[in-house]
Amino acid sequence: FSYRRTQASASDPDVTILVEWRANAKEGWRNVAYETGVIKKNQANRFAGGVDLVSVHIPRTITKSTKIFTRLRVVSKQ
């Protein structure tokens, strides 16, 4: 799962950026940061000055299901 992220949003203490996953619509969303084997890579200024590429590699072994659904969740405290 990959997404663009500004460096300003990454350093903003009032913004939380999460990648979440689930195996089916009946399960709740789970933060990939708490899962074993997940690799997160950040390529600074990949698209333009101040805009990074963030790639999150989720292993298939995270679930017994053949499907993995992911989403990007951004929460602002304000």
Side-chain angles (χ1 to χ4, degrees):
F1 183 82
S2 297
Y3 62 97
R4 294 177 186 207
R5 180 193 66 203
T6 63
Q7 293 170 358
S9 66
S11 62
D12 188 335
D14 292 327
V15 175
T16 302
I17 303 171
L18 306 168
V19 174
E20 298 178 325
W21 77 277
R22 66 183 180 183
N24 60 57
K26 294 179 182 179
E27 292 183 3
W29 290 98
R30 297 166 57 173
N31 186 346
V32 297
Y34 302 121
E35 304 295 338
T36 303
V38 173
I39 300 170
K40 183 177 177 182
K41 295 181 180 180
N42 182 36
Q43 294 181 20
N45 300 314
R46 173 67 171 86
F47 295 101
V51 181
D52 303 340
L53 171 64
V54 179
S55 299
V56 180
H57 303 273
I58 304 169
R60 288 243 170 242
T61 56
I62 204 168
T63 180
K64 293 179 182 177
S65 173
T66 58
K67 297 179 183 177
I68 297 176
F69 300 92
T70 58
R71 73 176 183 183
L72 181 64
R73 181 176 177 207
V74 179
V75 180
S76 176
K77 295 178 185 175
Q78 296 181 351

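Since we're looking at a predicted model, the values are computed, not measured. Only heavy atoms go into these numbers, but all of them, side chains included; no hydrogens, no water, no symmetry mates.
Applying the side-chain contact (heavy atoms from CB on, under 4.5 Å) test to K67 and every residue at least two apart in sequence or in another chain returns S65, F69. Residues forming a side-chain hydrogen bond (donor to acceptor under 3.5 Å, both in side chains) with T70 (at least two apart in sequence, or on another chain): none. Every residue meeting the side-chain hydrogen bond (donor to acceptor under 3.5 Å, both in side chains) condition with S9, not counting sequence neighbours, appears here in chain and number order: T6.
In this structure, I39 shares a hydrophobic cluster with no other residue, the cluster being traced through Ile, Leu, Val, Met, Phe, Trp and Tyr side chains under 4.5 angstrom apart. Connectivity analysis of hydrophobic side chains (ILVMFWY, heavy atoms under 4.5 Å, direct or indirect) links Y34 to nothing; its cluster partners are none.
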Side-chain donor-acceptor distances from residues 44-56 under 3.5 Å, at least two apart:
| unit_1 | atom_1 | unit_2 | atom_2 | d |
| --- | --- | --- | --- | --- |
| N45 | OD1 | Q7 | NE2 | 3.2 |
| N45 | OD1 | G50 | N | 2.7 |
| R46 | NE | Q43 | OE1 | 3.4 |
| D52 | OD1 | Q7 | NE2 | 2.8 |
| D52 | OD1 | N45 | N | 2.8 |
| S55 | OG | S2 | OG | 3.2 |

Mind listing the side-chain donor-acceptor pairs of residues 26-33 below 3.5 Å, one per line with the distance, residues two or more places apart or on another chain?
| unit_1 | atom_1 | unit_2 | atom_2 | d |
| --- | --- | --- | --- | --- |
| E27 | OE1 | A23 | N | 3.3 |
| R30 | NE | E35 | OE2 | 3.4 |
| R30 | NH2 | E35 | OE2 | 3.1 |
| N31 | OD1 | A33 | N | 2.9 |

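Among pairs with a residue in residues 7-22, those fulfilling salt bridge (charged side-chain N to carboxylate O under 4.0 Å, His left out) read E20-R71, E20-R73, at least two apart in sequence or across chains. For residues 36-45, no pair satisfies salt bridge (charged side-chain N to carboxylate O under 4.0 Å, His left out), with sequence neighbours left out.
Tracing side-chain contacts under 4.5 Å through hydrophobic residues (I, L, V, M, F, W, Y), one never reaches I68 starting from L18; they form parts of separate clusters. V74 and W21 fall within a single hydrophobic cluster, where Ile, Leu, Val, Met, Phe, Trp and Tyr are joined by side-chain heavy atoms under 4.5 Å apart, directly or via other members. Grouping the Ile, Leu, Val, Met, Phe, Trp and Tyr side chains by contacts below 4.5 angstrom, directly or via other members, places V38 with I17.
Among all heavy-atom pairs drawn from A10 and R5, the shortest one is CB-NE, 3.3 Å.
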Could you check V75 against V15 for side-chain contact (heavy atoms from CB on, under 4.5 Å), going step by step and ending with a plain yes or no?
-> CA-CA 6 Å; V75 180; V15 175; over 6 Å; no
